[in-house]
Amino acid sequence: YQRRVHGDLVKKRMLNSFFVKAVSSSFRRCIFPRLSRALATVIKVPSLAESITEGEVKSILNEGDFVAMDGPIASLETGKATVDIKSTVSGKIIKLHAKVGQTVLVGNDFAIIDETQVGSAKAAPAPAAAPTAAPAEAPKAPQPQEKKPEPKPQEQKVQAPAQEKKPIAPEPVSMKEPMPAVKFSREVRRVPMSRLRQTASKRLKESQNTYAMLTTFNECDMSELTKLRKKLGDDFFKTHNSRLGFMSAFVRASVMSLQKFPAINAVIDGKEIVFHDYVDMSIAVSGPKGLLVPVLRNCDSLGFAEVEKAISDLGARAKAEKIALEEMVGGTFTITNGGVFGSMLSTPIINIPQSAILGLHSIKNRPVCIGNKIEARPMMYLALSYDHRLVDGREAVLFLKNVKELIEDPRKILLDIQQISFFHHTTQLNLICLLYTSPSPRDQRGSRMPSSA
């Protein structure tokens with residue numbers, strides 16, 4: 001009887017354990033995947049910009065890492081800037097669909113995050129810093145030089161009477177020791193070109209092949225602007241909490257000159273010329289990975305203080321690589337300042353699809369004839385590269401001359417005073433005649449006219 005009861009209990013336990021295993025396996029196979037899918041979030045590659053459809057993964061977290069909401073999962077390098085892929089939820093990364101160096105398309109699945117698991121979030125790694133630190137540590141090895149002077153005092157103690165003959169021997173040895181550390185290398189290294197550099201090279205070459213590019217030069221006396229800056233710079237900083245630089249004056253002078261010569265602010269679109277009734281100024285800013293050209297919108301409505309604050313903000317965000325792609329699209333005119341690097345003269349290349357670019361250079365004291373006297377004045381060379389298909393030489397020369405005159409007398413900029421040239425009146429008259437004879441559609445912020453004019 002006891003054996004029978006014991007056998008029935010064993011059978012029941014076996015059946016119960018088998019039933020539990022079957023239920024757990026079915027739960028793992030059928031129910032758990034559905035629950036995990038319901039609690040998992042798919043992160044897709046976000047839209048980058050109008051003309052950018054792909055990017056290269058430069059850094060990425062690992063599977064199993066935790067990420068916070070709006071935290072970076074990876075960084076993509078595009079043709080214009082570096083963009084972070086941010087998580088829309090907080091959780092654990094359970095799946096990644098890309099690796100470092102791989103090209104991903106906009107809209108594709110990038111990662112899967114489990115919202116049920118929460119931990120300490122990690123920042124996206126920066127693999128670019130590793131190869132630069134390794135070669136810097138290699139040449140710094142002064143250890144063999146520190147160890148070798150130790151046996152010298154021992155030799156002097158043992159062979160004390162022959163000290164006069166032996167100092168001659170270690171001298172040539174010490175001269176030969178540093179020679180192996182300074183070896184000339186003939187190695188050839190190949191480094192993949194970044195997407196930013198690839199896009200810049202393509203656009204620069206496209207600009208040279210597309211435009212009938214020509215550059216005109218002039219020199220500008222910076223004496224009055226320098227005096228104004230020294231005299232009112234402190235008051236300007238106390239009032240606006242921003243330093244008074246030279247870029248705001250050149251931006252304002254360029255805006256006034258573009259309004260006087262609207263063809264330089266226009267572009268060619270097929271068989272039409274598109275005139276912009278606004279000025280969106282592209283400012284070249286140096287970043288850690290290359291040159292960036294963000295855009296200042298509606299510069300015709302900005303004052304000195306607003307321009308200085310905007311430029312300082314763009315410069316700080318360019319160094320931190322926090323400029324969005326939308327901020328580098330849509331400029332109508334470009335100013336580049338090579339003078340911050342010491343450039344004396346250059347021929348800047350036009351930024352597609354614009355029609356002109358103004359180049360600023362370093363300020364140097366040069367002898368200048370003032371009346372019948374020769375004086376040392378702070379002078380700057382100005383360069384204007386323009387598309388000769390659209391802009392005539394007379395317009396380009398007069399535009400640059402107008403910028404020069406406004407900078408040399410900044411009171412005209414502050415009071416918005418400039419002489420209206422006869423060419424500006426004739427241009428407006430031609431536009432009116434064309435509008436009456438052959439009207440063309442008008443876009444939201446600009447006007448179009450046939451290029452045959």
Ile407 vs Ile413 side-chain heavy atoms within contact, under 4.5 Å: yes
Can you list the residues that meet the ring-ring contact (aromatic ring centres under 6.0 Å, His included) rule with Phe236, with sequence neighbours excluded? His240
What pair of heavy atoms forms the shortest contact from [X] to [Y], and how long is it?
{"X": "Asp387", "Y": "Ile350", "value": "N-CD1, 3.6 Å"}
{"X": "Thr215", "Y": "Ala383", "value": "CG2-CB, 4.1 Å"}
{"X": "Val403", "Y": "Ser254", "value": "CG2-CA, 4.5 Å"}
{"X": "Ala263", "Y": "Val391", "value": "O-CG2, 4.0 Å"}
{"X": "Phe399", "Y": "Ser257", "value": "CE1-CB, 3.2 Å"}
{"X": "Met213", "Y": "Ser385", "value": "CG-CB, 4.4 Å"}

Can you establish whether the number of heavy atoms outside [X] located under 6.0 Å from its atom [atom1] is more than 12?
{"X": "Lys401", "atom1": "NZ", "value": "no"}
{"X": "Leu105", "atom1": "CG", "value": "yes"}
{"X": "Arg243", "atom1": "CZ", "value": "no"}
{"X": "Lys404", "atom1": "NZ", "value": "yes"}

Between [Y] and [X], is the closest basic N to carboxylate O distance under 4.0 Å?
{"X": "Arg317", "Y": "Asp313", "value": "yes"}
{"X": "Arg377", "Y": "Asp221", "value": "yes"}
{"X": "Asp409", "Y": "Arg411", "value": "yes"}

For residues 332-339, which side-chain donor-acceptor pairs fall under 3.5 Å, sequence neighbours excluded?
unit_1	atom_1	unit_2	atom_2	d
Thr332	OG1	Asn265	OD1	2.9
Thr332	OG1	Asp280	N	3.2
Thr332	OG1	Asp280	O	3.3
Thr334	OG1	Gln354	OE1	2.5
Thr334	OG1	Gln354	NE2	3.4
Asn337	OD1	Gly339	N	3.1

Residue pairs passing the ring pair (Phe, Tyr, Trp, His ring centres under 6.0 Å) test where at least one lies in residues 290-316, sequence neighbours excluded: none
Going through the distances and angles, do Tyr211 and Ile352 end up as a side chain to side chain contact (heavy atoms under 4.5 Å, CB included)? CA-CA 9 Å; Tyr211 293 141; Ile352 290 180; 4.0 Å; yes
Distance-only criterion, 3.5 Å: show the donor-acceptor pairs between side-chain atoms of residues 226-234 and protein atoms not counting sequence neighbours.
unit_1	atom_1	unit_2	atom_2	d
Thr226	OG1	Met222	O	2.6
Arg229	NE	Leu244	O	2.8

Tell me which donor-acceptor pairs under 3.5 Å the side chains of residues 356-370 have, and how far apart each pair is, sequence neighbours excluded?
unit_1	atom_1	unit_2	atom_2	d
His361	ND1	Tyr381	O	2.7
His361	NE2	Ser346	N	3.0
His361	NE2	Ser346	OG	2.7
Ser362	OG	Ser343	O	3.1
Arg366	NH1	Met379	O	3.2

Please check this pair: side chain of Glu115 against backbone of Thr41, looking for a donor-acceptor N/O pair closer than 3.5 Å. no
Distance (rounded to the nearest 0.5 Å) between Ile349 CD1 and Leu204 CG: 5.0 Å
Measuring from Glu306:CD to Asn298:CG, what's the distance to the nearest 0.5 Å? 11.0 Å
Could you pull out all residues at least two apart from Glu56 that satisfy salt bridge (Lys or Arg N to Asp or Glu O under 4.0 Å)? Arg195
Given the rule in the side chain to side chain contact (heavy atoms under 4.5 Å, CB included) test, do Leu76 and Val45 qualify, once you have shown the distances and angles that lead to the verdict? CA-CA 9 Å; Leu76 299 182; Val45 180; 3.9 Å; yes
Tell me yes or no: between the side chains of Lys44 and Asn108, is some donor less than 3.5 Å from an acceptor? no
